[in-house]
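Just follow the structure's listing: the first ligand is 1, and inside any ligand the first atom is 1. Positions are given from 1, in the same order as the sequence printed here.
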Amino acid sequence: MTKEIAHSERAHALLSASASSRWLACTPSVRLEEQFEETTCTYAEEGTLAHEIGELKLRKHFTEPMGQSTFTRRLNKFKKHELYQDEMLKHTDTYLEYLQSITLGMPVAPYVAVEKKIKYDAYAPEGFGTVDCLIIGGDTLYVNDFKYGKGVPVQAEDNPQLKLYALGAYLEYSFLYPIKNVSLAIIQPRLDSISEWTCPIEYLLEWGESIKPIAQKAFNGEGEFIPGEHCKFCRAKAQCRARAEEFSALADFTNLKPPLLSNEEVGQMLVKGQHIKSWVEALKEYALGECLKGNEIAGWKAVEGRGSRDYVNIDVAFKHLKENGIDDALLYERTPLTVAKLEKVLKKEEYRSLLEEAGHIVKSAGKPALALASDKRQAISPPDAASDFQ
Ligand code: SF4
C-alpha cells in the first residue's frame with residue numbers, strides 16, 4: 001500500500017456518521033459489532049484511491065494552489081497504484097466541476113475546506129468524521145460527499161450522515177458565518193448521479209436534538225435490535241439473532257388459510273423476505289470461514305470449488321498454435337463494446353455528439369420491476385404495465 005493511500009485511512013468514531021442510518025435504527029448494533037474485526041475490500045480501497053485523487057484536484061483548485069509539475073508528480077504516484085484506473089480521472093473531474101459550479105456563482109469568494117475533520121459529539125457521544133468538501137458561501141453551508149461506489153445511488157434528502165457533518169460544521173463555523181441554510185450533496189459520478197437537498201438551519205438543529213437520546217442509547221449499547229436494509233453493512237449481519245428471527249418469522253405465513261395467498265399476504269411476505277438473499281449469502285460466507293478455520297458448522301463442510309484453466313503464456317501458446325496451422329480467425333473474437341462501456345471510454349461530449357446527437361442510440365424503457373410503495377419512482381399505470389409485461 002502506498003503512503004498516500006495510508007494517509008486517507010480515516011480513523012472513525014464508534015458512532016460514525018457513515019453508519020448512522022444503522023445505529024439510529026438499530027441502537028445496540030455498534031456495541032455488538034465491536035466483537036467483529038473490521039475488514040476492508042478491494043472496492044473500499046478503490047474508493048479510497050479515487051478520493052485521494054479527488055482531494056488532490058480540490059486542493060490544487062481551492063485551497064493549495066500548486067504548480068503543474070508538483071500536481072503531475074503527485075498524481076503520478078497515485079497512477080502507480082495497482083487499483084488505479086484511467087476512469088478515476090474522469091470521475092474526479094466531474095466531482096471538481098460540480099463544486100466549481102457551486103462556487104462560481106458566488107458574489108464573494110467562499111470559504112472552502114477539503115477533507116475537513118468535523119466533531120459532532122454535541123449530538124452523538126464522541127462523534128467525529130471527515131467531510132470531503134465543505135463550502136460556506138453567503139448564508140449557506142454546503143456539505144459535499146463524493147462516493148465512488150457504483151452500487152445504488154444514495155440520496156442527499158434527509159441523509160443522516162451528511163446531516164451529522166452539517167451539525168458539526170455549523171457548531172464550528174456559526175460564530176464566523178451567518179449560516180441560515182444547509183445544502184447537502186452526494187456526488188456519485190460512476191452512476192451519473194448528483195443528489196442535492198437543502199433545508200433551513202432550524203430544521204437541522206431540531207433533528208439534531210431529536211437524535212441525542214437515540215445516539216446515547218447506541219453509545220451505551222442499549223435498545224432493541226431492529227433488522228432492515230441497514231443490516232447490509234453491519235459486521236454482525238451473519239450471526240445476528242434478530243436478523244435470523246426476522247426471516248424465520250416467514251414461517252408464520254404457512255399457517256395462513258385458505259390455501260392460496262391473498263395479494264395482501266404476498267405484499268407482506270415480500271416485505272419480510274426482501275433481504276433474505278443477502279442474509280443467506282452472509283451466512284454462507286461466515287459458515288465457510290468457520291469451516292476453513294476447522295470449526296464445525298452442523299451439516300456443512302468446506303470443499304474445493306470448481307477450478308479454472310489458463311494459459312501458461314498466452315503469446316507463446318498462440319504462436320505455437322499458428323505454427324501448427326491454426327488460423328488467426330479461430331483464435332480471436334472481435335465484439336463491439338456495449339453502449340455503457342463505450343460511454344465509459346469516450347469523453348462525455350464525444351459520446352453525445354458522435355452517438356446520441358447523431359441518432360445512433362435508441363433508448364428503450366426498462367422492464368417493469370417490483371418496488372416498495374415508498375420507492376420514489378412513479379408507478380406504471382395498469383394498461384401500460386400489462387402490455388409491457390406481455
Ligand atoms: S444485523 Fe441488523 S439487526 Fe443485527 S445488529 Fe446489525 S443492524 Fe442490528
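Around atom 4 (Fe) of ligand 1, protein N, O or S atoms at a distance under 2.8 Å total 1; waters are neither shown nor counted.
Counting Ile, Leu, Val, Met, Phe, Trp and Tyr side chains that sit under 4.5 Å apart, directly or through other members, Leu288 shares a hydrophobic cluster with Leu292. With side-chain heavy atoms closer than 4.5 Å counting as contact, directly or through intermediates, the hydrophobic cluster containing Leu330 also holds Tyr311, Ile314, Phe318, Leu321, Ile326, Leu331, Tyr332.
Atom NZ of Lys90 has more than 12 neighbouring heavy atoms from other residues, nucleotides or ligands inside a 6.0 Å radius.
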Side chains of residues 300-307: which donor-acceptor partners sit under 3.5 Å, not counting sequence neighbours?
none

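For the pairing with Glu46, the salt bridge (Lys or Arg N to Asp or Glu O under 4.0 Å) check across Arg190, Lys150, Lys147 returns one residue only, Arg190.
Close approach of ligand 1 to His230 (heavy-atom distance below 4.0 Å) involves ligand atoms 7 (S).
Under the 3.5 Å distance criterion, with hydrogens and angles disregarded, a donor-acceptor pair is assigned to the side chains of Thr92 and Lys57.
Taking the six-membered ring where tryptophan is involved, the planes of Trp197 and Tyr203 are perpendicular, since the angle between them exceeds 60° and thus also 30°.
Atom 7 (S) of ligand 1 has Arg22 CD, 3.5 Å as its closest protein atom, hydrogens excluded (heavy atom only).
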